[in-house]
Amino acid sequence: MLSIKNLTVNVNDKQILKGINLEIKPGEIHAIMGPNGSGKSTLSHILSGKAGYTVTGGSVTYQGKDLLEMAPEIRAREGVFLAFQYPVEIPGVSNIYLLKAALNSIRKHHSQPEVDAMDFLTLIKDKVRLLEMDEKFLYRAVNEGFSGGEKKRNEILQMAILEPKLCILDETDSGLDIDALKVVAEGVNSLRAADRSFVMVTHYQRLLDYIKPDFVHVLANGQIVKSGGAELALELEEKGYSWLEDSKAAI
Amino acid sequence: MTAATASRYTAEYSNIAPTLPGQNLPWLTALRQDALAKFSAQGFPSLREEEWRYTNISAIEKKLFSPSLIGQVQELVPTELLASYQLPDAWSVVLIDGHFCAELSALEGMPETVSVMSMANALIKKSEILETYINKAVNNDEHSFVAFNTAWFTDGLFVHVPSTLVLEKPVQVLYVNTQSDALASTRTVIIAEEMADIKVIETFIGLDIAYLSAAVTEVFVGVNADVTLYKMQCESALAYHFGGIYVKQAKDARFIHHNFAFGGLLARCDIHTDLDLASECELNGLYLGVNRQHIDNHTRINHLKPHGISRELYKGVLDDKARGVFQGRVIVAEDAQKTDSQMNNRNLLLSNDAEADTKPQLEIYADDVKCAHGVTVGQLDEKSIFYLQSRCIDEETARNMLTFAFANEMVDKIKIKSVHDQALEQVLIRFPQEGVNKEWL
Ligand SMILES: Nc1ncnc2c1ncn2[C@@H]1O[C@H](COP(=O)(O)OP(=O)(O)O)[C@@H](O)[C@H]1O
Ligand SMILES: [Mg+2]
């Protein structure tokens with residue numbers, strides 16, 4: 001699905017990612033954990049194609065293609081989805097409009113006809129129910145005036161409708177109370193499939209209580225300093241990150 | 001400007017004067033003479049005047065626009081043009097080149113107590129009322145365009161709604177221009193008596209030619225009355241437009257204005273409103289400039305008495321070499337305590353050659369007031385573009401969507417569906433809409 005090899009990335013001549021290696025197979029859930037400022041959002045942005053970063057070395061291959069060569073919208077149409085840490089407010093564009101535009105772009109990309117209006121309504125209403133959202137949200141401007149939790153739910157709603165292949169969730173748990181967290185986790189779990197992979201970026205393990213990862217990687221100072229199974233998250237919860245940062249410093 | 005330019009107009013005036021309506025009314029003749037004298041002395045406003053610093057009207061001065069005479073026009077009526085702007089669900093008054101056209105107007109079913117008629121007709125049938133209203137919301141000293149309009153106006157619209165009457169259907173007045181280098185000078189007076197409620201749409205259109213449209217509208221909103229006025233300025237791309245809307249709000253009166261400035265090579269609109277005790281006004285504006293358009297909007301909100309509320313939002317989208325000007329004055333008189341006023345002007349520049357000049361002015365003489373203002377001039381937000389791209393939208397479509405969304409906020413404030421749809425159409429034909437799907441809105 002995704003193969004990251006020795007990826008190094010600069011922002012304004014400052015090296016942020018310092019040689020990332022990561023292999024993700026279809027159906028797997030990988031958690032990327034690490035302290036603030038370790039480069040988690042940078043990695044998410046690089047995968048989704050945000051401007052302002054310079055790749056200075058390494059490669060990212062997605063479904064056999066060079067991901068870094070693709071425009072952001074092409075990546076999205078090919079199935080890469082980033083649930084933003086800070087979803088952007090888009091006044092004047094309604095949620096339902098964006099969803100329809102996005103879904104039809106994907107269909108067009110795959111030479112499929114536009115989605116039927118009735119089917120579309122049925123689909124989104126199902127997903128709105130799944131995420132326990134009010135239907136009114138569909139007709140409001142994208143994220144405008146939404147609370148932090150509502151924004152995060154809205155990201156997962158988009159993900160549920162667009163059915164991506166590679167889902168990258170950047171700190172989706174932050175800003176969610178425990179009930180919302182459960183709903184969001186349920187939404188994510190309902191999307192689990194043999195041909196769909198997840199990258200869960202977080203610095204707490206509490207989301208991982210509800211979405212069990214196959215692998216956990218610790219990102220510190222721009223590098224993956226430790227990888228393991230789900231139990232690593234629990235260890236991190238107990239011991240914090242400093243022992244890993246220290247051990248890395250000692251290398 | 002030079003006296004010579006003014007004199008070219010004034011020299012012509014003696015030929016035109018006998019054809020103007022209201023000849024037999026001494027009070028009007030006196031007003032027109034006063035106006036003519038003031039215009040002759042001053043000419044058109046110059047860049048040296050503070051309120052005209054950004055409005056270079058030398059192009060208007062270079063030409064001599066002559067008023068068209070009654071009877072010249074009927075066979076030229078552009079029915080297709082008219083059909084695309086005449087609202088199906090409104091009473092309508094059509095003025096062709098500054099003259100009322102009965103055949104194209106539709107006023108059937110108007111309640112008997114309401115007067116909606118051409119200004120020329122009103123000067124015959126309603127002259128006593130008009131004497132107490134014409135030039136009462138503005139006067140010839142405001143600036144020489146107003147004087148020019150007073151001296152030259154050939155017709156216009158007269159609306160009088162008696163107290164407590166709520167007119168369900170809106171009234172649309174279409175100012176249609178069909179002749180090259182013609183002047184259409186119109187005066188419209190709208191009176192809503194105590195607790196009356198009326199909606200009026202002023203639509204300015206023209207054939208693809210150069211002309212000068214000078215329209216002054218005076219609005220009197222009675223005690224606790226409601227007036228909603230729409231201005232759809234869709235003049236031809238070669239036209240010159242000067243519009244002035246002058247409003248007097250009585251106690252507890254509400255006035256809402258939606259100002260859509262779409263057309264014209266050089267278009268200026270002044271909107272002034274005086275607020276009495278606890279009256280409220282809302283001024284909404286959207287100006288879209290492309291090519292070399294120059295679009296100017298000047299508003300003045302005059303809080304004269306306590307507890308007034310004013311809300312103003314003007315948005316501009318400027319592309320190519322277009323220039324947009326917003327000058328917004330809010331004046332809070334010493335007596336106008338507890339005034340609550342908000343003014344905002346936001347400009348979106350789509351090209352490096354486009355320009356926005358914005359000048360909010362607060363003049364506050366009371367000490368217990370809540371007044372806020374803000375202005376922005378900027379480009380599309382890169383974060384928003386990336387967010388849309390990450391949702392499968394290509395960059396060009398994302399830009400179009402965001403531009404459209406920016407403008408559409410003003411369109412969405414329109415409560416009358418047919419007017420809303422017309423404004424939407426105007427926005428969509430003026431900007432690239434690749435990827436913007438009207439059906440999904
Ligand atoms: N645009 C930027 N300019 C300069 N430094 C940046 C920029 N974006 C991120 N950084 C820096 O890169 C590092 C990693 O940031 P980020 O990827 O957001 O970390 P995380 O998501 O793990 O908290 C931080 O030191 C941050 O200050
Ligand atoms: Mg982050």
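Below, chains carry the letters A, B, ... as their sequence lines are ordered, and counting in each starts from 1.
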So which part of [X] gets closer than 4.5 Å to some heavy atom of chain B, the side chain, the backbone, both or neither?
{"X": "A:E78", "answer": "neither"}
{"X": "A:F81", "answer": "side chain"}
{"X": "A:R77", "answer": "both"}

Evaluate the side-chain proximity of A:I90 to B:Y387: yes if any heavy-atom separation is below 4.5 Å, no if none is.
yes
Tell me whether the NZ or CZ atom of B:K315 lies within the 45° cone about the ring axis of B:F406 and under 6.0 Å from its centre.
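Pair B:K315/B:F406 counts as cation-pi.
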Highest number of heavy-atom pairs under 4.5 Å with chain B: which of A:G49, A:P164, A:A51, A:G52?
A:G49
Going by the angle between their ring planes, with limits at 30° and 60°, are A:H45 and B:F386 parallel, tilted or perpendicular?
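Correct class here is perpendicular.
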Here's a test for you: under side chain to side chain contact (heavy atoms under 4.5 Å, CB included), which of B:H257, B:H258, B:R254 qualifies with B:T228?
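It is B:H258, the one option of B:H257, B:H258, B:R254 that forms the side chain to side chain contact (heavy atoms under 4.5 Å, CB included) with B:T228.
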